[in-house]
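Here's the structure we're looking at; comments come further down.
Residue numbers begin at 1 in each chain, while the letters A, B, ... track the order of the sequences. Computation of the quantities below employed the complete heavy-atom set of this structure, encompassing side-chain atoms and omitting hydrogens, waters and symmetry-equivalent molecules. From a predicted model like this one, the values you see are computed outputs, not experimental measurements.
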Number of protein chains: 2
Amino acid sequence: MADSPRSLDPVQLGAYFDLIEVSSLLRYAVEQQLREAGDLSYVQFQLLARLGDSPTGSQRMTDLADGVVYSRSGLTYQAGLLEKAGLVVRAPSPEDERVTTVTITDAGRALLAKVLPGHVEVVRGMLFEPLSREDVMTLAGLLAPVRDHMRSTPPRSAAPRRRQREA
Amino acid sequence: MADSPRSLDPVQLGAYFDLIEVSSLLRYAVEQQLREAGDLSYVQFQLLARLGDSPTGSQRMTDLADGVVYSRSGLTYQAGLLEKAGLVVRAPSPEDERVTTVTITDAGRALLAKVLPGHVEVVRGMLFEPLSREDVMTLAGLLAPVRDHMRSTPPRSAAPRRRQREA
DNA sequence: TATTGTTATACTCTATAACTATA
DNA sequence: TATAGTTATAGAGTATAACAATA
(Lines give C-alpha, C1' and ligand atoms only; values in the text may rest on other atoms or scores of the structure.)
Protein backbone atom coordinates (compact mmCIF):
# COMPACT_ATOMS: atom_id res chain seq x y z
CA MET A 1 0.00 0.00 0.00
CA ALA A 2 2.11 2.78 -1.21
CA ASP A 3 -0.59 5.36 -1.44
CA SER A 4 -3.75 6.09 0.39
CA PRO A 5 -6.72 5.75 -1.86
CA ARG A 6 -7.69 9.36 -2.08
CA SER A 7 -10.32 9.66 -4.69
CA LEU A 8 -10.15 11.52 -7.94
CA ASP A 9 -11.23 15.13 -7.94
CA PRO A 10 -14.29 16.08 -10.00
CA VAL A 11 -12.27 17.38 -12.90
CA GLN A 12 -10.23 14.22 -13.09
CA LEU A 13 -13.33 12.14 -12.83
CA GLY A 14 -14.95 14.05 -15.65
CA ALA A 15 -11.89 13.76 -17.83
CA TYR A 16 -11.66 10.04 -17.16
CA PHE A 17 -15.31 9.36 -17.87
CA ASP A 18 -15.29 11.48 -20.98
CA LEU A 19 -12.18 9.75 -22.24
CA ILE A 20 -13.79 6.37 -21.80
CA GLU A 21 -17.03 7.44 -23.35
CA VAL A 22 -15.43 9.20 -26.28
CA SER A 23 -13.12 6.34 -27.09
CA SER A 24 -15.91 3.80 -26.73
CA LEU A 25 -18.26 5.62 -29.03
CA LEU A 26 -15.52 6.28 -31.53
CA ARG A 27 -14.36 2.71 -31.47
CA TYR A 28 -17.87 1.46 -31.90
CA ALA A 29 -18.54 3.67 -34.88
CA VAL A 30 -15.23 2.87 -36.50
CA GLU A 31 -15.75 -0.83 -36.04
CA GLN A 32 -19.07 -0.63 -37.72
CA GLN A 33 -17.63 1.26 -40.67
CA LEU A 34 -14.80 -1.21 -41.07
CA ARG A 35 -17.14 -4.14 -40.90
CA GLU A 36 -19.42 -2.72 -43.53
CA ALA A 37 -16.79 -1.37 -45.85
CA GLY A 38 -14.39 -4.28 -45.73
CA ASP A 39 -15.63 -6.94 -43.35
CA LEU A 40 -12.74 -6.18 -41.06
CA SER A 41 -12.61 -6.06 -37.29
CA TYR A 42 -10.70 -3.21 -35.75
CA VAL A 43 -7.87 -5.47 -34.77
CA GLN A 44 -7.60 -6.83 -38.28
CA PHE A 45 -7.56 -3.32 -39.61
CA GLN A 46 -4.82 -2.36 -37.20
CA LEU A 47 -2.75 -5.31 -38.30
CA LEU A 48 -3.19 -4.48 -41.97
CA ALA A 49 -2.47 -0.82 -41.32
CA ARG A 50 0.71 -1.69 -39.50
CA LEU A 51 1.90 -3.90 -42.29
CA GLY A 52 0.92 -1.32 -44.85
CA ASP A 53 2.93 1.31 -43.03
CA SER A 54 5.97 -0.88 -42.85
CA PRO A 55 8.45 -0.09 -45.64
CA THR A 56 8.72 -3.74 -46.56
CA GLY A 57 5.09 -4.57 -45.97
CA SER A 58 6.28 -7.22 -43.56
CA GLN A 59 6.65 -7.75 -39.85
CA ARG A 60 7.43 -10.52 -37.48
CA MET A 61 4.56 -12.05 -35.59
CA THR A 62 5.99 -11.01 -32.27
CA ASP A 63 6.38 -7.40 -33.31
CA LEU A 64 2.83 -7.34 -34.48
CA ALA A 65 1.64 -8.82 -31.23
CA ASP A 66 3.58 -6.24 -29.26
CA GLY A 67 2.00 -3.42 -31.19
CA VAL A 68 -1.53 -4.52 -30.69
CA VAL A 69 -1.42 -5.79 -27.11
CA TYR A 70 -2.26 -9.32 -27.95
CA SER A 71 -1.47 -12.75 -26.87
CA ARG A 72 0.45 -14.66 -29.46
CA SER A 73 -2.23 -17.21 -29.89
CA GLY A 74 -4.71 -14.43 -30.49
CA LEU A 75 -2.46 -13.01 -33.15
CA THR A 76 -2.05 -16.41 -34.75
CA TYR A 77 -5.80 -16.61 -34.94
CA GLN A 78 -6.19 -13.20 -36.52
CA ALA A 79 -3.29 -13.73 -38.90
CA GLY A 80 -4.90 -16.97 -39.91
CA LEU A 81 -8.10 -15.19 -40.77
CA LEU A 82 -6.30 -12.53 -42.74
CA GLU A 83 -4.31 -15.14 -44.59
CA LYS A 84 -7.38 -17.16 -45.39
CA ALA A 85 -8.89 -14.00 -46.81
CA GLY A 86 -5.81 -13.50 -48.96
CA LEU A 87 -4.89 -10.22 -47.31
CA VAL A 88 -1.56 -11.37 -45.92
CA VAL A 89 0.84 -14.23 -46.37
CA ARG A 90 3.00 -15.90 -43.77
CA ALA A 91 6.39 -17.38 -44.33
CA PRO A 92 9.25 -18.49 -42.13
CA SER A 93 12.10 -16.04 -42.02
CA PRO A 94 15.24 -17.18 -43.84
CA GLU A 95 17.48 -15.71 -41.17
CA ASP A 96 15.81 -17.34 -38.22
CA GLU A 97 13.59 -20.27 -38.99
CA ARG A 98 11.67 -19.82 -35.77
CA VAL A 99 10.39 -16.48 -36.94
CA THR A 100 7.28 -16.09 -39.03
CA THR A 101 7.19 -13.10 -41.31
CA VAL A 102 3.79 -11.70 -42.15
CA THR A 103 3.46 -9.75 -45.38
CA ILE A 104 0.57 -7.77 -46.69
CA THR A 105 -0.58 -8.76 -50.18
CA ASP A 106 -1.79 -6.56 -53.00
CA ALA A 107 -5.29 -7.56 -52.09
CA GLY A 108 -4.58 -6.47 -48.55
CA ARG A 109 -3.36 -3.10 -49.70
CA ALA A 110 -6.34 -2.75 -51.96
CA LEU A 111 -8.72 -3.47 -49.14
CA LEU A 112 -6.90 -1.02 -46.93
CA ALA A 113 -7.25 1.62 -49.59
CA LYS A 114 -10.89 0.83 -50.02
CA VAL A 115 -11.65 1.09 -46.35
CA LEU A 116 -9.53 4.05 -45.41
CA PRO A 117 -11.58 6.96 -46.77
CA GLY A 118 -14.65 5.93 -44.82
CA HIS A 119 -12.53 5.36 -41.77
CA VAL A 120 -11.10 8.83 -41.97
CA GLU A 121 -14.54 10.21 -42.54
CA VAL A 122 -15.88 8.67 -39.36
CA VAL A 123 -12.95 9.84 -37.28
CA ARG A 124 -13.18 13.35 -38.56
CA GLY A 125 -16.92 13.54 -38.23
CA MET A 126 -17.02 12.19 -34.72
CA LEU A 127 -13.78 13.24 -33.11
CA PHE A 128 -12.47 16.32 -34.86
CA GLU A 129 -15.54 18.16 -35.94
CA PRO A 130 -16.05 20.01 -32.66
CA LEU A 131 -12.34 20.78 -32.29
CA SER A 132 -10.40 23.66 -33.77
CA ARG A 133 -7.01 23.14 -35.29
CA GLU A 134 -5.50 24.52 -32.15
CA ASP A 135 -7.61 22.28 -29.98
CA VAL A 136 -6.30 19.28 -31.84
CA MET A 137 -2.73 20.36 -31.30
CA THR A 138 -3.42 20.83 -27.62
CA LEU A 139 -5.07 17.46 -27.38
CA ALA A 140 -2.20 15.78 -29.15
CA GLY A 141 0.20 17.53 -26.83
CA LEU A 142 -1.61 16.16 -23.81
CA LEU A 143 -2.08 12.62 -25.03
CA ALA A 144 1.47 12.05 -26.21
CA PRO A 145 3.07 12.19 -22.75
CA VAL A 146 0.30 10.02 -21.35
CA ARG A 147 0.91 7.48 -24.07
CA ASP A 148 4.63 7.51 -23.38
CA HIS A 149 4.02 7.14 -19.70
CA MET A 150 1.72 4.18 -20.22
CA ARG A 151 4.13 2.51 -22.53
CA SER A 152 6.95 2.81 -20.08
CA THR A 153 4.94 1.68 -17.09
CA PRO A 154 4.25 -2.01 -16.83
CA PRO A 155 0.90 -2.82 -15.26
CA ARG A 156 1.71 -2.69 -11.59
CA SER A 157 -0.54 -5.14 -9.83
CA ALA A 158 -0.39 -8.03 -12.20
CA ALA A 159 2.21 -7.96 -14.86
CA PRO A 160 1.24 -10.67 -17.30
CA ARG A 161 4.38 -12.22 -18.59
CA ARG A 162 4.56 -10.63 -21.95
CA ARG A 163 8.04 -10.05 -23.02
CA GLN A 164 10.75 -9.94 -20.50
CA ARG A 165 11.96 -6.47 -20.04
CA GLU A 166 15.66 -6.19 -20.14
CA ALA A 167 16.54 -4.51 -16.90
CA MET B 1 -10.53 6.15 -56.41
CA ALA B 2 -13.81 7.00 -55.03
CA ASP B 3 -13.78 10.60 -54.11
CA SER B 4 -10.97 10.91 -51.66
CA PRO B 5 -12.11 12.88 -48.70
CA ARG B 6 -9.20 14.91 -47.46
CA SER B 7 -7.12 12.75 -45.26
CA LEU B 8 -6.27 13.59 -41.70
CA ASP B 9 -3.32 15.87 -41.16
CA PRO B 10 -0.38 14.53 -39.16
CA VAL B 11 -1.45 16.22 -35.95
CA GLN B 12 -4.93 14.80 -36.20
CA LEU B 13 -3.54 11.40 -37.01
CA GLY B 14 -1.29 11.52 -33.99
CA ALA B 15 -4.10 12.63 -31.71
CA TYR B 16 -6.34 9.89 -33.01
CA PHE B 17 -3.76 7.14 -32.64
CA ASP B 18 -2.77 8.31 -29.20
CA LEU B 19 -6.35 8.47 -28.09
CA ILE B 20 -6.93 4.92 -29.21
CA GLU B 21 -3.74 3.65 -27.67
CA VAL B 22 -4.21 5.48 -24.40
CA SER B 23 -7.76 4.33 -23.95
CA SER B 24 -6.88 0.76 -24.92
CA LEU B 25 -4.04 0.51 -22.47
CA LEU B 26 -6.05 2.15 -19.73
CA ARG B 27 -8.98 -0.08 -20.35
CA TYR B 28 -6.80 -3.14 -20.35
CA ALA B 29 -5.20 -2.23 -17.05
CA VAL B 30 -8.45 -1.30 -15.41
CA GLU B 31 -10.07 -4.50 -16.54
CA GLN B 32 -7.33 -6.50 -14.99
CA GLN B 33 -7.63 -4.68 -11.70
CA LEU B 34 -11.39 -5.12 -11.60
CA ARG B 35 -11.10 -8.79 -12.40
CA GLU B 36 -8.59 -9.37 -9.68
CA ALA B 37 -10.15 -7.19 -7.02
CA GLY B 38 -13.76 -8.14 -7.56
CA ASP B 39 -14.10 -10.60 -10.41
CA LEU B 40 -15.89 -7.94 -12.42
CA SER B 41 -15.67 -7.15 -16.09
CA TYR B 42 -15.51 -3.51 -17.03
CA VAL B 43 -19.06 -3.54 -18.25
CA GLN B 44 -20.28 -5.07 -15.03
CA PHE B 45 -18.39 -2.44 -13.09
CA GLN B 46 -19.93 0.30 -15.19
CA LEU B 47 -23.38 -1.05 -14.51
CA LEU B 48 -22.80 -1.25 -10.79
CA ALA B 49 -21.27 2.20 -10.72
CA ARG B 50 -24.22 3.66 -12.55
CA LEU B 51 -26.64 2.09 -10.16
CA GLY B 52 -24.56 3.15 -7.20
CA ASP B 53 -24.58 6.73 -8.45
CA SER B 54 -28.30 6.76 -8.91
CA PRO B 55 -30.07 8.32 -5.91
CA THR B 56 -32.46 5.40 -5.67
CA GLY B 57 -29.92 2.75 -6.55
CA SER B 58 -32.21 1.75 -9.39
CA GLN B 59 -32.51 2.17 -13.12
CA ARG B 60 -34.56 0.83 -15.94
CA MET B 61 -32.93 -1.73 -18.18
CA THR B 62 -33.23 0.48 -21.22
CA ASP B 63 -31.59 3.43 -19.51
CA LEU B 64 -28.73 1.22 -18.45
CA ALA B 65 -28.34 -0.14 -21.96
CA ASP B 66 -28.30 3.36 -23.38
CA GLY B 67 -25.63 4.46 -20.98
CA VAL B 68 -23.30 1.60 -21.64
CA VAL B 69 -23.49 1.21 -25.40
CA TYR B 70 -25.06 -2.16 -25.32
CA SER B 71 -27.70 -4.17 -27.02
CA ARG B 72 -30.59 -5.06 -24.77
CA SER B 73 -29.92 -8.73 -24.99
CA GLY B 74 -26.36 -8.09 -23.95
CA LEU B 75 -27.56 -6.13 -20.98
CA THR B 76 -29.99 -8.88 -20.04
CA TYR B 77 -27.07 -11.26 -20.05
CA GLN B 78 -24.92 -9.04 -17.85
CA ALA B 79 -27.76 -8.18 -15.52
CA GLY B 80 -28.39 -11.89 -15.19
CA LEU B 81 -24.82 -12.45 -14.13
CA LEU B 82 -24.91 -9.62 -11.63
CA GLU B 83 -28.18 -10.88 -10.21
CA LYS B 84 -26.88 -14.40 -9.91
CA ALA B 85 -23.94 -12.99 -8.00
CA GLY B 86 -26.30 -11.18 -5.67
CA LEU B 87 -25.07 -7.74 -6.66
CA VAL B 88 -28.35 -6.49 -8.11
CA VAL B 89 -31.99 -7.49 -8.10
CA ARG B 90 -34.48 -7.12 -10.90
CA ALA B 91 -38.16 -6.44 -10.51
CA PRO B 92 -40.95 -5.29 -12.76
CA SER B 93 -41.86 -1.65 -12.33
CA PRO B 94 -45.23 -1.06 -10.65
CA GLU B 95 -45.96 1.89 -12.91
CA ASP B 96 -45.29 0.15 -16.17
CA GLU B 97 -45.24 -3.58 -16.07
CA ARG B 98 -43.17 -3.78 -19.20
CA VAL B 99 -40.29 -2.10 -17.48
CA THR B 100 -37.72 -3.98 -15.44
CA THR B 101 -36.13 -2.03 -12.65
CA VAL B 102 -32.62 -3.02 -11.67
CA THR B 103 -31.49 -2.21 -8.16
CA ILE B 104 -28.08 -2.53 -6.60
CA THR B 105 -27.96 -4.57 -3.41
CA ASP B 106 -25.92 -3.99 -0.29
CA ALA B 107 -23.56 -6.65 -1.50
CA GLY B 108 -23.27 -4.76 -4.77
CA ARG B 109 -22.41 -1.56 -2.96
CA ALA B 110 -19.95 -3.39 -0.80
CA LEU B 111 -18.21 -4.84 -3.80
CA LEU B 112 -18.15 -1.46 -5.47
CA ALA B 113 -16.54 0.02 -2.38
CA LYS B 114 -14.03 -2.77 -2.26
CA VAL B 115 -13.02 -2.36 -5.86
CA LEU B 116 -13.04 1.39 -6.17
CA PRO B 117 -9.78 2.32 -4.43
CA GLY B 118 -7.72 0.09 -6.68
CA HIS B 119 -9.59 1.34 -9.67
CA VAL B 120 -8.85 4.94 -8.80
CA GLU B 121 -5.28 4.00 -8.16
CA VAL B 122 -4.84 2.55 -11.63
CA VAL B 123 -6.48 5.50 -13.32
CA ARG B 124 -4.39 8.00 -11.46
CA GLY B 125 -1.20 6.08 -11.96
CA MET B 126 -1.66 5.55 -15.65
CA LEU B 127 -3.66 8.50 -16.89
CA PHE B 128 -3.09 11.42 -14.56
CA GLU B 129 0.42 10.98 -13.34
CA PRO B 130 2.05 12.73 -16.30
CA LEU B 131 -0.52 15.54 -16.30
CA SER B 132 -0.56 18.69 -14.24
CA ARG B 133 -3.72 19.93 -12.64
CA GLU B 134 -3.99 22.45 -15.40
CA ASP B 135 -3.42 19.80 -18.06
CA VAL B 136 -6.31 17.82 -16.68
CA MET B 137 -8.58 20.83 -16.83
CA THR B 138 -7.56 21.44 -20.40
CA LEU B 139 -8.10 17.83 -21.32
CA ALA B 140 -11.51 17.80 -19.70
CA GLY B 141 -12.36 20.99 -21.55
CA LEU B 142 -11.49 19.37 -24.86
CA LEU B 143 -13.17 16.05 -24.30
CA ALA B 144 -16.47 17.43 -23.04
CA PRO B 145 -17.51 19.03 -26.33
CA VAL B 146 -16.41 15.95 -28.23
CA ARG B 147 -18.48 13.79 -25.95
CA ASP B 148 -21.48 16.06 -26.42
CA HIS B 149 -20.99 16.03 -30.14
CA MET B 150 -20.83 12.26 -30.25
CA ARG B 151 -23.89 11.93 -28.10
CA SER B 152 -25.87 14.26 -30.28
CA THR B 153 -25.01 12.61 -33.57
CA PRO B 154 -26.83 9.50 -34.73
CA PRO B 155 -25.95 7.27 -31.80
CA ARG B 156 -25.66 3.65 -32.66
CA SER B 157 -29.03 2.10 -33.20
CA ALA B 158 -29.37 3.93 -36.47
CA ALA B 159 -27.09 4.20 -39.43
CA PRO B 160 -25.79 0.91 -40.77
CA ARG B 161 -28.02 0.65 -43.76
CA ARG B 162 -27.42 3.99 -45.33
CA ARG B 163 -24.14 5.24 -46.55
CA GLN B 164 -23.46 8.86 -46.14
CA ARG B 165 -21.86 10.62 -48.99
CA GLU B 166 -20.79 14.17 -49.27
CA ALA B 167 -21.93 16.08 -52.26
C1' DT C 1 -49.23 -1.37 -33.00
C1' DA C 2 -45.31 0.03 -30.41
C1' DT C 3 -42.40 -0.76 -26.53
C1' DT C 4 -39.78 -3.46 -22.89
C1' DG C 5 -37.36 -7.14 -21.94
C1' DT C 6 -36.04 -12.16 -22.40
C1' DT C 7 -34.60 -16.24 -24.84
C1' DA C 8 -32.43 -19.06 -28.28
C1' DT C 9 -28.72 -19.26 -31.00
C1' DA C 10 -24.65 -18.66 -33.43
C1' DC C 11 -20.45 -16.50 -33.78
C1' DT C 12 -16.25 -13.78 -32.67
C1' DC C 13 -12.70 -13.10 -29.92
C1' DT C 14 -9.30 -13.92 -26.27
C1' DA C 15 -6.39 -16.35 -23.09
C1' DT C 16 -4.02 -20.54 -21.13
C1' DA C 17 -1.45 -24.46 -21.61
C1' DA C 18 0.61 -27.97 -24.15
C1' DC C 19 3.23 -28.78 -28.11
C1' DT C 20 6.74 -28.39 -32.17
C1' DA C 21 10.74 -26.51 -34.16
C1' DT C 22 14.51 -23.91 -34.17
C1' DA C 23 18.50 -21.35 -31.83
C1' DT D 1 17.41 -23.98 -22.23
C1' DA D 2 15.16 -20.27 -24.29
C1' DT D 3 12.52 -18.38 -28.01
C1' DA D 4 8.85 -18.16 -31.91
C1' DG D 5 4.86 -19.69 -33.21
C1' DT D 6 0.88 -22.96 -33.51
C1' DT D 7 -2.81 -25.81 -31.78
C1' DA D 8 -6.31 -27.37 -28.73
C1' DT D 9 -9.56 -25.88 -25.93
C1' DA D 10 -12.53 -23.52 -23.11
C1' DG D 11 -14.94 -19.53 -21.72
C1' DA D 12 -16.67 -14.85 -21.96
C1' DG D 13 -19.12 -11.64 -24.46
C1' DT D 14 -22.01 -9.85 -28.21
C1' DA D 15 -25.53 -9.33 -31.61
C1' DT D 16 -29.68 -10.84 -34.20
C1' DA D 17 -34.07 -12.46 -34.48
C1' DA D 18 -38.02 -14.52 -32.65
C1' DC D 19 -40.91 -14.21 -28.83
C1' DA D 20 -44.15 -12.83 -24.80
C1' DA D 21 -46.20 -9.37 -22.19
C1' DT D 22 -47.77 -4.87 -21.52
C1' DA D 23 -49.16 -0.20 -23.04
Just to confirm, is there a sub-4.0 Å distance from OP1 or OP2 of C:dT4 to any side-chain nitrogen or oxygen of B:R72? yes
Taking for A:Y77 and for A:V99 the nucleotide of DNA chain D with the nearest heavy atom, the one nearer the 5' end belongs to A:V99
A:E95 or A:Y42: which one's nearest nucleotide on DNA chain C is closer to the 5' end? A:Y42
Does the side chain of B:V146 reach to within under 4.5 Å of the side chain of B:M150, using non-hydrogen atoms? yes
Using a 4.0 Å heavy-atom cut-off, does B:L81 contact any base of the nucleic acid, only the sugar-phosphate backbone, or nothing at all? sugar-phosphate
Are A:L116 and A:F45 side-chain neighbours, meaning at least one heavy-atom pair lies under 4.5 Å? yes
Taking atom types as they are modelled, is there a donor-acceptor pair under 3.5 Å from the base of D:dT16 to the side chain of B:S73? yes
Base, sugar-phosphate alone, or nothing: which one does B:T100 contact when heavy atoms must sit under 4.0 Å apart? sugar-phosphate
Whole-Å distance separating the CD atom of B:Q46 from the P atom of D:dT14: 10 Å
So do A:V30 and B:Y16 actually touch side chain to side chain, heavy atoms under 4.5 Å? yes
D:dG13 P sits how many Å from B:Y70 OH, rounded? 8 Å
Indicate the atoms forming the closest heavy-atom contact of B:F128 with A:Q12, along with that distance. CZ-O, 3.2 Å
Strictly below 4.0 Å: does B:S41 bring a side-chain N or O up to OP1 or OP2 of D:dG13? yes
What is the separation between atom CG on A:D66 and atom P on D:dA4, rounded to the nearest whole Å? 9 Å
Rounded to whole Å, CD of A:E97 lies from P of C:dA23 at a distance of 6 Å
Starting at atom CG of A:L75, determine the distance to atom C1' of C:dT16, rounded to an integer number of angstrom. 16 Å
Reckon B:Q78 has a side-chain N or O less than 4.0 Å from the OP1 or OP2 of D:dA12? no
Any side-chain heavy atom of B:L112 within less than 4.5 Å of one from B:L51? no
Atom-pair distance (CZ on B:R98; P on C:dT4), nearest Å: 6 Å
d(CE, A:M61; P, C:dA21) in whole Å: 18 Å
Could you state the CG-C1' distance from B:L82 to D:dA12, rounded to the nearest angstrom? 14 Å
